[in-house]
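Read through the structure below, which is laid out as structure tokens, and then see the notes.
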Amino acid sequence: MRILLPTPLAMLAMAGCAPGPKEPAAAAASVGCRPGSAPVSTAISPDSARLEPFVSPFIERVGQVEGFSDLFIEHEPRWQVVATFTRPPPLETVARLAPAEIRDRIVVRSAKRTREDIAATRERIDERLRGASLGGWTHGYNPRTECFEVTVPTAAEVERVRALLPPDTLADADVKVGAVPIPL
């Protein structure tokens, strides 16, 4: 069964609700997966409805920058667009790519992987899980925690899935029990 999570553009609404990690970006890039470092918040910034329409044009431009990884919105303590890169360019360079309405709300952070690296690793994970006859699962990548997240329906499948994951992704994988789609 193949279930992929949305693209960064589609994730804006979903991922925009949790604040990002509190440690500096340079320190964040040196550690493995940090599940739980992006606690879920139900707060949505009052600026969100006014500013989010300006994000799509920015995504188109910033996604072309070398080393681009992902993009997400933080609503607290102030609404901002976080663009992550394996080799972050200067903030001024990235902010120039944004519409004027959100230029002062752009933040640049370090990331461990490019968008292409994330997609390739997700495909490898998908290939391994697809043939495993699991009772349903989902997987994706969380740019805040830099984790490949896999959700399975039962605790019994957690270790089974960890054993199936590519060895080089284990340090960056968060396998957990949760709701999954019912296989057709």
Side-chain angles (χ1 to χ4, degrees), residues 1-18 20-21 23 25 27-40 55-56 58-74 81-88 108-184:
M1 171 180 191
R2 181 178 181 167
I3 303 291
L4 298 177
L5 291 180
T7 63
L9 176 58
M11 288 181 66
L12 288 175
M14 295 179 344
C17 298
E23 71 268 8
S30 66
V31 298
C33 179
R34 302 178 314 276
S37 67
V40 175
V55 175
S56 290
F58 177 59
I59 291 172
E60 296 296 321
R61 293 181 196 124
V62 77
Q64 303 303 312
V65 176
E66 184 178 343
F68 176 74
S69 179
D70 215 326
L71 182 141
F72 57 92
I73 294 174
E74 291 182 339
V81 178
V82 180
T84 61
F85 300 86
T86 54
R87 284 176 287 176
V108 174
R109 292 192 185 146
S110 294
K112 292 191 281 186
R113 297 170 190 83
T114 65
R115 178 175 34 188
E116 295 79 15
D117 295 337
I118 293 165
T121 302
R122 286 186 63 198
E123 186 60 35
R124 288 176 39 228
I125 292 169
D126 187 53
E127 287 171 6
R128 290 188 174 223
L129 298 182
R130 204 175 321 152
S133 301
L134 297 169
W137 48 274
T138 63
H139 77 91
Y141 185 77
N142 184 330
R144 284 187 173 84
T145 62
E146 297 193 272
C147 290
F148 293 95
E149 297 178 341
V150 181
T151 304
V152 294
T154 67
E157 291 178 323
V158 170
E159 285 309 312
R160 186 170 169 222
V161 166
R162 288 193 68 72
L164 291 167
L165 292 176
D168 62 334
T169 65
L170 286 174
D172 295 322
D174 181 19
V175 183
K176 56 192 168 195
V177 176
V180 297
I182 298 170
L184 298 177

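Note that the structure is predicted; figures quoted are calculated from it, not measured. We're numbering straight along the sequence, starting at 1.
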Please identify each residue that fulfils salt bridge (charged side-chain N to carboxylate O under 4.0 Å, His left out) with Glu116, with sequence neighbours left out. none
Rounded to the nearest 0.5 Å, the CZ atom of Arg160 sits from the CG atom of Leu129 at a distance of 9.5 Å
Here the gap from Phe68 atom CZ to Ile59 atom CD1, rounded to the nearest 0.5 Å, amounts to 7.0 Å
Any donor-acceptor pair under 3.5 Å from Thr114 side chain to Gly67 backbone: no
Closest non-hydrogen atom pair, Asp126 against His139: CB-NE2, 3.5 Å
For Phe58, enumerate each residue passing the ring-ring contact (aromatic ring centres under 6.0 Å, His included) test, keeping only those at least two apart in sequence or located in another chain. none
Hey, are the side chains of Glu146 and Tyr141 touching, using non-hydrogen atoms and a 4.5 Å cut-off? yes
With the side chain counted from C-beta on, respond yes when Val81 and Val62 share a heavy-atom pair under 4.5 Å apart, and no when they do not. no
Under 4.5 Å between any side-chain heavy atoms of Ile118 and Ser69, yes or no? yes
Do Asp174 and Asn142 touch side chain to side chain, with heavy atoms closer than 4.5 Å? no
How long is the span from the NZ atom in Lys176 to the OG1 atom in Thr138, to the nearest 0.5 Å? 8.0 Å
Could you check whether any side-chain N or O of Thr169 sits under 3.5 Å from a backbone N or O of Asp172, counting only pairs where one atom can act as donor and the other as acceptor? no
Rounded to the nearest 0.5 Å, what separates atom CZ in Arg130 from atom CD in Glu123? 5.5 Å
Could you tell me if the side chain of Phe148 sits less than 4.5 Å from the side chain of Arg124, heavy atoms only? no
Side chain proximity check, Leu134 to Val161, heavy atoms < 4.5 angstrom: yes
Is Arg128 reaching over with its side chain to a backbone N or O of Leu164, donor-acceptor style, under 3.5 angstrom? yes
Val180 versus Val152: any side-chain heavy-atom pair under 4.5 Å? no
Thr84 side chain to Asp70 main-chain N or O, any donor-acceptor pair under 3.5 Å? yes
Listed by chain and number, what are the side-chain contact (heavy atoms from CB on, under 4.5 Å) partners of Ala163, not counting sequence neighbours? none
Would you indicate whether the side-chain heavy atoms of Ile125 and Leu165 approach each other to under 4.5 Å? yes
